[in-house]
Amino acid sequence: MTAKIAYDDVEVGAELPARTFPVTRATLVQYAGASGDFNPIHWNEKFAVEVGLPDVIAHGMFTMAEAIRVVTDWAGDPGAVVEYGVRFTKPVVVPNDDNGATIEVSGKVAAKLDDNTVRVDLTAMSAGQKVLGMSRAVVRLA
């Protein structure tokens, strides 16, 4: 597979389509099963509060994975991402209700690089707080 976006068609400052990702306690249980990360801060409210958290929190790697979906959907190929990194700034708190939490992600082309690559900067928010910092991906375009 290759990226569906052509390097020559992209300008610095171009915004990627923003996405909102719902997160419920069920989502966290599914992710725990798939990842093998059964840390009780991700499913046991009593434990999470005892260790100083406001409630159960989403896995950091889950949050990171949801954020990069904005880039892979835009590029049209997950394999086009050649580099990706973030800093975890705030947890995604997931209440035990019918709504859960949401992660709102937007992205912008920040730089055109060599070899048909671009740097995309992402912003990931939940409950009005930035949950990922320095969230950047290098993507090889067509």
Side-chain angles (χ1 to χ4, degrees), residues 1-7 9-10 12-142:
M1 294 180 71
T2 58
K4 308 238 185 283
I5 304 291
Y7 179 83
D9 294 340
V10 174
V12 171
E15 293 186 15
L16 282 62
R19 299 245 344 245
T20 298
F21 303 99
V23 186
T24 64
R25 296 281 178 97
T27 309
L28 299 182
V29 171
Q30 292 168 337
Y31 182 82
S35 69
D37 182 351
F38 294 101
N39 186 324
I41 63 173
H42 303 304
W43 57 269
N44 184 320
E45 185 174 334
K46 181 178 180 289
F47 182 84
V49 171
E50 285 175 356
V51 298
L53 295 168
D55 205 333
V56 165
I57 63 169
H59 303 72
M61 296 304 284
F62 171 81
T63 304
M64 189 177 174
E66 291 292 74
I68 196 65
R69 287 175 61 188
V70 167
V71 175
T72 60
D73 288 352
W74 170 73
D77 177 11
V81 177
V82 295
E83 185 179 318
Y84 177 46
V86 306
R87 290 190 179 156
F88 301 105
T89 57
K90 299 278 184 188
V92 175
V93 178
V94 183
N96 190 20
D97 60 19
D98 293 335
N99 299 321
T102 57
I103 303 169
E104 296 128 12
V105 184
S106 60
K108 186 181 288 191
V109 175
K112 290 185 85 167
L113 309 171
D114 296 331
D115 198 22
N116 281 13
T117 60
V118 296
R119 190 185 89 216
V120 175
D121 291 352
L122 297 167
T123 301
M125 307 284 291
S126 185
Q129 296 190 325
K130 193 172 186 180
V131 295
L132 298 177
M134 299 294 290
S135 184
R136 296 179 172 173
V138 175
V139 185
R140 181 163 289 113
L141 302 178

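Remember, it's a predicted structure, so these values are computed and weren't measured experimentally. The first residue of the sequence shown is numbered 1, and numbering continues consecutively from there.
By the 4.5 Å heavy-atom criterion applied to side chains, Met61 and Asp37 are not counted as neighbours. Looking at heavy atoms from C-beta onward, Leu113 lies in side-chain contact with Arg119 at the 4.5 angstrom threshold. For the pair Leu122 and Val71, the minimum side-chain heavy-atom distance is below 4.5 Å. A heavy-atom distance below 4.5 Å is found between the side chains of Ile41 and Phe47. Side chains of Phe21 and Val92 form no contact here, defined as non-hydrogen atoms less than 4.5 Å apart.
Screening Asp121, Thr123, Val70 for a side-chain contact (heavy atoms from CB on, under 4.5 Å) with Ser106, the sole residue that qualifies is Thr123.
Trp74 places no side-chain N or O within 3.5 Å of a backbone atom of Pro17 that could act as its donor or acceptor partner. Under the 3.5 Å distance criterion, the side-chain polar atoms of Thr89 are matched with a main-chain donor or acceptor of Lys130.
Minimum heavy-atom separation, Val23 to Ala58: CG1-CB, 4.4 Å. In terms of heavy-atom proximity, Val82 sits nearest to Val139 at CG2-N, 4.5 Å. Of all non-hydrogen atoms in Asp55 and Ala48, the two that sit nearest each other are O-CB, 3.5 Å. Closest heavy-atom contact between Ser126 and Thr102: OG-O, 2.8 Å. The minimum heavy-atom distance linking Pro54 with Val49 is given by the pair O-CG2, 4.0 Å. Across every non-hydrogen atom of Pro78 and Thr72, the tightest pair is CA-CG2, 3.7 Å.
Here ring-ring contact (aromatic ring centres under 6.0 Å, His included) pairs that include residues 76-106, with residues two or more places apart or in two chains, number zero.
The line from CZ of Arg136 to CZ of Arg87 is 9.0 Å long, rounded to the nearest 0.5 Å. Leu132 contributes atom CG, which lies 11.0 Å from atom CE of Met125 (distance to the nearest 0.5 angstrom). Taking CD1 of Ile68 as the reference point, atom OG1 of Thr63 lies at 13.5 Å (rounded to 0.5 Å). Rounded to the nearest 0.5 Å, atoms CD1 (Ile5) and CG (Asp77) are 11.5 Å apart. Here the CD atom belonging to Glu104 is positioned 5.0 Å from the OG1 atom belonging to Thr20, to the nearest 0.5 angstrom. Separating the CG atom in Asp114 from the OH atom in Tyr7 is a distance of 7.0 Å, to the nearest 0.5 Å.
Note on ring orientation: taking the six-membered ring where Trp is involved, the planes of His42 and His59 are parallel (angle under 30°, cut-offs 30° and 60°).
Between Glu45 and Arg25 there is a salt bridge, since a side-chain N of the basic residue sits under 4.0 Å from a carboxylate O of the acidic one.
For Lys112, the NZ atom sits in a packed shell: over 12 heavy atoms of surrounding residues, nucleotides or ligands are nearer than 6.0 Å.
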